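Data first, discussion second: the structure below is written as C-alpha cells.
Being a predicted model, the structure only gives us computed values, none of them experimental. Every chain is numbered from 1, with letters handed out A, B, ... down the list of sequences.
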Number of protein chains: 2
Amino acid sequence: MELDNRKFKILEAVIQDYLRTGEPVGSRTIAKISDLSLSSATIRNEMADLEEMGYIVQPHTSAGRVPTDKGYRLYVDSILAQKAHAESQRDAALKKREKELENIKKEYASRLDRMEDVMQAVARTLANDTNYATMISTSSGRNNKIKFVQLSRVEEKKLLVVIVMEGNVIRNKVFRVSETISEKNILRLNMMLNTTVTGLSVEQLEERLSAIEAENGNQPMLREVLNIIFETVRNADDVQIVTGGTTNIFKYPELSVSEIARDLITTLEDKQGLSGFLETVAPESEGIRFYIGEETPVKSMRDCSVVTASYELSDGTTGTIGIIGPKRMDYEMVVETLNNIRMRLDDLFSKN
Amino acid sequence: MELDNRKFKILEAVIQDYLRTGEPVGSRTIAKISDLSLSSATIRNEMADLEEMGYIVQPHTSAGRVPTDKGYRLYVDSILAQKAHAESQRDAALKKREKELENIKKEYASRLDRMEDVMQAVARTLANDTNYATMISTSSGRNNKIKFVQLSRVEEKKLLVVIVMEGNVIRNKVFRVSETISEKNILRLNMMLNTTVTGLSVEQLEERLSAIEAENGNQPMLREVLNIIFETVRNADDVQIVTGGTTNIFKYPELSVSEIARDLITTLEDKQGLSGFLETVAPESEGIRFYIGEETPVKSMRDCSVVTASYELSDGTTGTIGIIGPKRMDYEMVVETLNNIRMRLDDLFSKN
DNA sequence: ATTAGCACTCTTTTTGGTTGAGTGCTAACA
DNA sequence: TGTTAGCACTCAACCAAAAAGAGTGCTAAT
C-alpha cells in the first residue's frame, strides 16, 4: 500500500491533534479540523490503512488513534525536509530568546571562572523556554592547548600550580612535595615550564612528557611537578554534564506516572548515565538528532523523545545539548530553539 | 487532662507502628503489640483522650489513629532526652559508615580543588545510607583568611589573579586591564599584595580597602587589581548548596503523589529556595534540629520532616546538613547518622 | 470513490451493595 | 473506680453490574 498525499495529510492531522491534547484522536475530530472536507467514514477507512502501515495504533478497540514511533519519525523527518527549504521566519520569539541570552551573558561575565555555572544557566533558561527537561554536556576536548603555567609556593612544602588553557579555562591544584624548593628554583621551573609546556595540547603533553624530562636532565622534582600538571590538565578534560528543568516532566500526564517520573528524574540526577548517551551522539551528525520513544539508548526514556544538538566553541570545547520531553513534544519549536542556541553559544563564550 | 505514663506508652506504640507501616493504627493492634496487657476497649478510651489532647487524629471516623505533628514532636523530644543519657551503642552500622567516609575521602583527595564536588559526594552517600533526600549548605564564612595571592600576565592586557584561602580553597579570575603593565610592575604588585593583603579576612579586606590604596600612593592600577581581588574573594564566600538522593522521596507513597513530589523536587532542584532554610537554622542551636510537618519554613515540605545538623570545620567553613523524609522517618537512625557525619566531617577535610 | 447509518466494542463513569476495620458507648464486672 | 465485653454504628475500600459515550468497521446507497 502506498502512502499517498491524502493519507499523509490525515496522519499529520492525527499527530498534530495528539500533540495538542495528548488524547487518542478519532475520525470525527479529523473530519472537523482538517480542511480535506471528507466525511468521518472516509477518514476512518484511511486511518485503518494508516494503522495497517504501522503509523498509528489504537490503544484499544473503539478508541481513537495514537501515533506510533514510526509515525512520529515520519512526521519529524517531513518537518526537517520542509525546514531545509524555507529557512524559518525570524519572529517575536527570537527577540525574547535574544534577551535571555543577554541575561546569561551577564551572569557569565560575572564569574568567568566557572564554565559549569554558565552551562547550568543555559540549561535552566532553555528548560524554562521550552517546558521540557534539558541536559548539556561539555568536554573541553583533548586538543585544548595550555596557554600559561604558574607555580608558586604557598607553604613550606606545598606548591600551587595554576594552569590557564586556551579559552581561559583555569585549573589549579595545591600539592605537597617531598622536599623544600627554594624560591629561586621555583622561578627557574616556571621559566622552563612556560617555554616547554605552553602551546601543547593535553594529548601532546602526554606524548612529550618523558622527552621533556630527559631534555631537562631528569630532575626528580621536575618529574613530580610535570605529573601533577598532566593530571590536573587531564581532569579539566572531563566531560561535564548539567541538567535543567527536570521537574518540567510533571507537566505531561503521560510522564507523571510515579514510576516513569522516578526513573526519569533518577537518570537526570545521576548525570553519569547520560554521558554515554550524549557522547555517542556527537561525531558524525553535526546537526540535530531525534530519538523517538524506543529509539533512545536510555531505557528510562523510552516514553520520551529526545532531541539533541551538538556544538563546538571556538576554543575547542565541544558538547551536546539535549531536550527531553514527551513523545508528543513540539518538535518544530524545539528544533528552532536548538538551532538558535547553537548558533549563539559560540558568541556567548568567545566574547569574553 | 494529664499525659500519664500509660498514655505515653500508647502514644509511643501508635507512632512506632505507624513509622513502620504508614497506615493508621487501631486499638486492637496496639493491644496486641504493646506489653501493657490491656484490652482494646481500654486502649480505645485512652486513644480518645490522646486525640482530645491533640497527639493523634483519625483520618476519618472509624479509621485508626495517625500521629499529628504535635505527637511526633513529643516523641522526637523524648528520644532526644533518652539519647542524652545513654550514649548510643557503637555497632556494625558504624563500621559501614566509616568505610563510606573512607571512600569519600579518597575521592576528595583526587580533586582537592573542588569543595563542591566533595559535598556532592557526601550528600549522595548520606542519601544512599538513609534512603531520604539530603541537602548540604557550605559557606566559607566571612572570616576566612587570605593566605596567598599571585598575579600573572596571561595576555598583553589580561591578568590572572589566583587567591589561596585558609583551608586551601582556591579562587581565580582572568581580567582585562586598561593598560599594559610591565613584568617588573607585576612583580612589585605581587610583593606588595602579599605583604598587605595576606592574613586578612574578607571582612577585614573590605574595611582596609581604601586604607591600603592610600598607603601605596593611590596608583590607579592598584585600585583596579584590589577591587577584582575583593570581588573574587567575596564570591568565594557565597553559600553553596548541594542536594542528593532527591528521588528517594518516591520510596514513600505518601510523598509520591504527583503534586507533592513535583513541588518537593522543584525546591530541591532550584537550590536557591533552600538557602533561606539552611541559613536561618545554624547559629544558636549547635546541635540537631527537627522540623516536623508544618514546622518547616518551606511550604513544599509541609508533608515532610526535616532534620538538620550544623557543622563547622577547622578552616572556618560552616554549614548545615539537612535530611528530608516523610514525617514517619526513622528519627533515631537519622540522628545517629547525622551525629556521626558531623563528627567526622572535620577530620575528612582537615586531613588534607 | 464517497458517505450515511447502524451494530458492535470497549472504556469510563455511576450506582448500589457488601465487607471489614475500627470506633464510641453502655452495662457488667472485679 | 478502673477495666472489659459486647453491640450498634460509621466509613473507606472493594466489587459487580449497569449506563453512558466515544469510536470503530462494515454494508448499502449515492
Residues forming a ring pair (Phe, Tyr, Trp, His ring centres under 6.0 Å) with A/Y132, sequence neighbours excluded: A/Y252

Could you list all N or O pairs between the protein and nucleotides 4-11 of chain C that sit under 3.5 Å apart?
unit_1, atom_1, unit_2, atom_2, d
C/dG5, O6, A/R44, NH2, 3.2
C/dT9, O2, A/S62, OG, 3.0
C/dC10, OP1, A/T61, OG1, 3.4
C/dC10, O4', A/S62, OG, 3.3
C/dC10, O2, A/S62, OG, 3.3

Whole-Å distance separating the CD atom of B/E52 from the P atom of C/dG24: 11 Å

Under the side chain to side chain donor-acceptor pair (under 3.5 Å) test, residues paired with B/N128 that sit two or more places apart: none

Whole angstrom value for the distance that separates P of C/dA21 from CD1 of B/I43: 18 Å

Contacts of type side-chain contact (heavy atoms from CB on, under 4.5 Å), residue A/V242, not counting sequence neighbours: A/E116, A/M119, A/Q120, A/A123, A/I136

OG on B/S27 to CG on B/L38, rounded to 0.5 Å: 11.5 Å

Is there any protein nitrogen or oxygen under 3.5 Å from a nitrogen or oxygen in nucleotides 15-18 of chain C, and what are the pairs?
none

Approximate separation, where rounding is to 0.5 Å, of A/I323 CD1 and A/T130 OG1: 4.5 Å

Nearest-angstrom distance from the residue atom CZ of B/R65 to P of C/dA21: 17 Å

Whole-Å gap separating C1' (D/dT1) and CG (B/D4): 15 Å

Any side-chain heavy-atom pair of B/I30 and B/V25 under 4.5 Å: yes

Contact residues, residues 21-31 of chain A to DNA chain D [heavy atom, < 4.0 Å]: A/G26, A/S27

Of B/N45 and B/G64, the one whose closest DNA chain C nucleotide lies more 5': B/G64

Listed partners of B/E46 passing side-chain contact (heavy atoms from CB on, under 4.5 Å), at least two apart: B/R6, B/K7, B/I10, B/D49

Side chain to side chain contact (heavy atoms under 4.5 Å, CB included) assessment of B/E51 paired with B/V57: CA-CA 6 Å; B/E51 174 150 20; B/V57 277; 4.3 Å; yes

Between C1' of C/dA1 and CG of A/D49, the distance in whole Å: 13 Å

First encountered from the 5' end of DNA chain D, between A/M47 and B/L38: B/L38

side-chain contact (heavy atoms from CB on, under 4.5 Å) partners for B/D263, two or more places apart: B/S300

Pair B/I321-B/R342, side chain to side chain contact (heavy atoms under 4.5 Å, CB included): steps then yes or no: CA-CA 9 Å; B/I321 305 178; B/R342 194 152 61 111; 5.7 Å; no

Please tabulate the protein-to-nucleotide N/O contacts below 3.5 Å involving nucleotides 15-20 of chain D, giving atom names and distances.
none

Less than 3.5 Å apart, which donor and acceptor atoms pair up between the side chains of residues 68-81 of chain A and the rest of the protein, not counting sequence neighbours?
unit_1, atom_1, unit_2, atom_2, d
A/T68, OG1, A/G54, O, 2.8
A/T68, OG1, A/Y55, O, 3.0
A/T68, OG1, A/K70, N, 3.3
A/T68, OG1, A/G71, N, 3.1
A/D69, OD1, A/K327, NZ, 2.9
A/D69, OD2, A/E294, N, 3.0
A/K70, NZ, A/M53, O, 2.8
A/R73, NE, A/E295, OE2, 3.4
A/R73, NH1, A/D77, OD1, 3.3
A/R73, NH2, A/F290, O, 3.0
A/R73, NH2, A/E295, OE1, 2.6
A/Y75, OH, A/Q16, NE2, 3.4
A/S78, OG, A/Y75, O, 2.9

side-chain contact (heavy atoms from CB on, under 4.5 Å) against B/A41, all qualifying residues, sequence neighbours excluded: B/S39, B/R44

Salt bridge (charged side-chain N to carboxylate O under 4.0 Å, His left out) partners of residues 241-257 of chain A, not counting sequence neighbours, each pair once: A/E254-A/R328

Candidate nucleotides D/dT4, C/dT2, C/dG24, ranked by approach to the side chain of B/T42 - the nearest: D/dT4

